[in-house]
2 protein chains.
Amino acid sequence: MLAGMSNVASGNSIASVAALIGDVARANILSALMGGLALTAGELAQFAGVTAQTTSGHLARLTDAGLIAMARQGRHRYYRLATPEIAQAMQALMAIAADGPKRHHPIGPRDKALRLARTCYDHLAGRLALALVDGWSAQGYVILADGAGLVTDEGRQFLGDFGIDLDAAPRSRHRPLCRTCLDWSERRPHLAGQLGAAVLGRLLELGWIARLPDTRALRITRTGEQGFVAQLHLAADWMERSAAAPGS
Amino acid sequence: MLAGMSNVASGNSIASVAALIGDVARANILSALMGGLALTAGELAQFAGVTAQTTSGHLARLTDAGLIAMARQGRHRYYRLATPEIAQAMQALMAIAADGPKRHHPIGPRDKALRLARTCYDHLAGRLALALVDGWSAQGYVILADGAGLVTDEGRQFLGDFGIDLDAAPRSRHRPLCRTCLDWSERRPHLAGQLGAAVLGRLLELGWIARLPDTRALRITRTGEQGFVAQLHLAADWMERSAAAPGS
DNA sequence: TCGACAGTTCGGCCGCCGCCGAAACATCGA
DNA sequence: TCGATGTTTCGGCGGCGGCCGAACTGTCGA
């Protein structure tokens with residue numbers, strides 16, 4: 001007889017986490033937080049499409065479960081994803097959800113922007129992220145084989161010149177330096193992990209990209225258009241091609 | 001005003017996938033299938049802890065959603081996880097669930113076996129998997145830095161001698177050759193992807209490990225005990241240490 | 001051809017949980 | 001101190017969905 005398989009991290013706890021994500025309002029909340037910014041309860045209520053009371057309940061449950069974390073600031077309460085692991089799980093679920101029910105999503109201008117460049121929790125995603133990876137691979141700065149990623153010595157030097165010091169970061173055990181992240185829109189891996197976060201941070205700092213309000217999409221600035229090609233080994237005609245054929 | 005964020009792979013579809021996993025019976029079913037073997041509806045009913053009728057309903061929903069796939073064989077119907085992506089999502093959820101609610105799980109003998117060696121969908125996991133990775137890293141066969149993994153030329157040679165021809169595999173775009181997989185019991189990455197699958201297959205083929213019935217746990221055979229140390233660069237005293245201190 | 005067994009379908013019960021209105025609490029500006 | 005705004009708590013309604021008993025379909029063995 002099948003003894004029920006003890007299964008330490010067993011169905012019960014998995015189900016409770018998944019059930020938490022498995023509600024439309026909460027999934028919307030978590031999706032919004034995948035943008036990487038901390039948002040107020042009110043903003044999250046808008047994203048969730050339910051009233052403030054209901055949202056409050058959801059936020060409490062998500063916090064109790066350790067999926068999100070809260071910081072008081074004045075009369076606002078800012079919520080964010082608790083750990084990178086949560087983002088990774090959301091990521092994995094998005095990958096499944098994306099190719100499931102037909103590709104019939106009518107693609108609006110909003111989606112175009114998202115597909116071009118967006119944040120994915122703490123790093124860059126979209127075609128811009130892929131273009132960077134391609135350029136850096138061609139230069140031998142990173143090796144992105146088989147869904148795995150490594151930074152070469154040349155890459156370390158290059159990134160240092162660009163203002164990203166990988167040795168400065170605390171390199172916590174639990175936070176891989178260079179992970180890859182396969183995301184829903186392009187289905188190719190791009191840079192994540194601490195390196196991904198550092199790159200996103202530096203690009204925002206330089207003003208080459210800018211966050212758009214109320215969305216995860218990013219805008220490439222004029223300075224950025226030049227800088228990406230001149231300094232980051234983006235294919236010279238990438239910007240034109242990208243602007244010309246924004247849809248998939 | 002926050003326009004509700006169009007979000008192509010949006011909360012709605014994410015939630016439907018997560019909700020599917022977010023039921024204890026279905027989570028148990030999927031957990032059982034994480035063992036990598038195809039199981040019959042009856043066996044899955046046992047794992048799920050509900051009646052056959054109820055299980056049938058769950059299996060239908062999971063199949064419709066594309067999470068599992070079914071193959072008829074005589075009067076049995078064998079179910080398995082539909083894609084590696086599904087396994088990865090389960091994996092990510094397990095990682096969250098594992099460190100959430102206390103570590104107070106009383107550790108039984110079953111868990112000991114699971115922690116020593118088990119299958120994780122299609123590859124090896126547990127302390128045995130980590131020992132292999134450690135040995136191969138020390139030999140320079142694989143480079144496992146920052147959660148990413150690469151096989152060196154020496155490694156390719158070594159694996160070839162061991163009966164694993166990495167070039168023979170079709171190397172599908174969507175299936176990374178050498179992924180890493182961080183799992184709940186040891187919280188360190190180990191080999192997954194096509195390489196992980198190939199290694200597990202070869203070890204089973206050689207009879208160095210054997211599946212135990214009704215569980216994901218694996219048994220290391222006598223031949224295996226010698227072979228792992230003699231041919232696979234496992235630390236010589238690993239078997240003794242491992243037998244001596246099986247708990248965490 | 002028949003009985004045994006694996007699996008599914010149908011119908012109805014029951015409980016959980018998501019939702020909102022109302023009200024309380026907290027913080028800021030004046 | 002008072003009103004405005006952001007957030008939470010409480011209470012009650014309503015529906016979705018998981019569960020099982022019973023009956024049906026399909027396959028195997030003799």
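Quick note: numbers below take in every heavy atom, side chains included, and nothing from hydrogens, waters or symmetry partners. Only a predicted model underlies this, so the values are computations on that prediction, with no experimental measurement involved. By convention in this document, chain letters (A, B, ...) are assigned in the order of the sequence lines, proteins followed by strands, and residues within each chain are numbered from 1.
The nearest whole Å value for the distance from the CG atom in Asp64(B) to the P atom in dG17(D) is 14 Å. The distance between atom OH of Tyr78(A) and atom C1' of dT8(D), rounded to the nearest whole Å, is 18 Å. Between the CE atom of Met70(A) and the C1' atom of dT7(D) there is a distance of 10 Å, given to the nearest Å. In this structure, the CZ atom of Arg77(A) is 14 Å from the P atom of dC25(C), given to the nearest Å. Whole-Å rounding puts the Gln73(B) CD to dG7(C) C1' distance at 15 Å. We find that OH of Tyr79(B) is positioned 15 Å from P of dA6(C), with the value rounded to whole Å. In this structure, Leu62(B) places its CG atom 16 Å from P of dG7(C), rounding to the nearest Å. At whole-Å resolution of the value, CD1 in Ile29(A) and P in dT7(D) are 12 Å apart.
Counting non-hydrogen atoms under 4.0 angstrom, Ala52(A) reaches a base of the nucleic acid. Residue contacts for Thr40(A): at a heavy-atom cut-off of 4.0 Å it reaches the sugar-phosphate backbone alone, with no base atom in range.
Residues passing the side chain to side chain donor-acceptor pair (under 3.5 Å) test with Thr54(A), sequence neighbours excluded: Thr51(A). Not a single salt bridge (charged side-chain N to carboxylate O under 4.0 Å, His left out) links Arg211(B) to another residue, sequence neighbours left out.
A sub-4.0 Å separation between OP1 or OP2 of dT27(D) and a side-chain N or O of His76(B) is absent.
Each of Leu59(A) and Gly74(B) has a nearest nucleotide on DNA chain D; the 5'-most of these lies closest to Leu59(A).
When every heavy atom of Cys120(A) is checked against every heavy atom of Gln91(A), the shortest pair comes out as SG-OE1, 3.6 Å. Heavy atoms only, all atoms of each residue included: Leu81(A) and Ile86(A) are closest at CD2-CG2, 4.3 Å. Taking every heavy atom of both residues into account, Gly207(B) and Thr223(B) meet most closely at O-OG1, 4.3 Å.
Between dT8(C), dT5(D), dA6(C), one nucleotide has an atom nearer to the side chain of Arg75(A) than all others, and that is dT5(D).
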Completion exercise
Its contact letters, B for base, S for sugar-phosphate only and - for none at protein heavy atoms under 4.0 Å, make nucleotides 17-24 of chain C read -SSBBB--

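Using a 30° and 60° split on the angle between ring planes, Trp208(B) and Phe228(B) fall in the perpendicular class, above 60°.
Arg216(A) places a side-chain N or O within 3.5 Å of a backbone atom of Thr119(A) that can act as its donor or acceptor partner.
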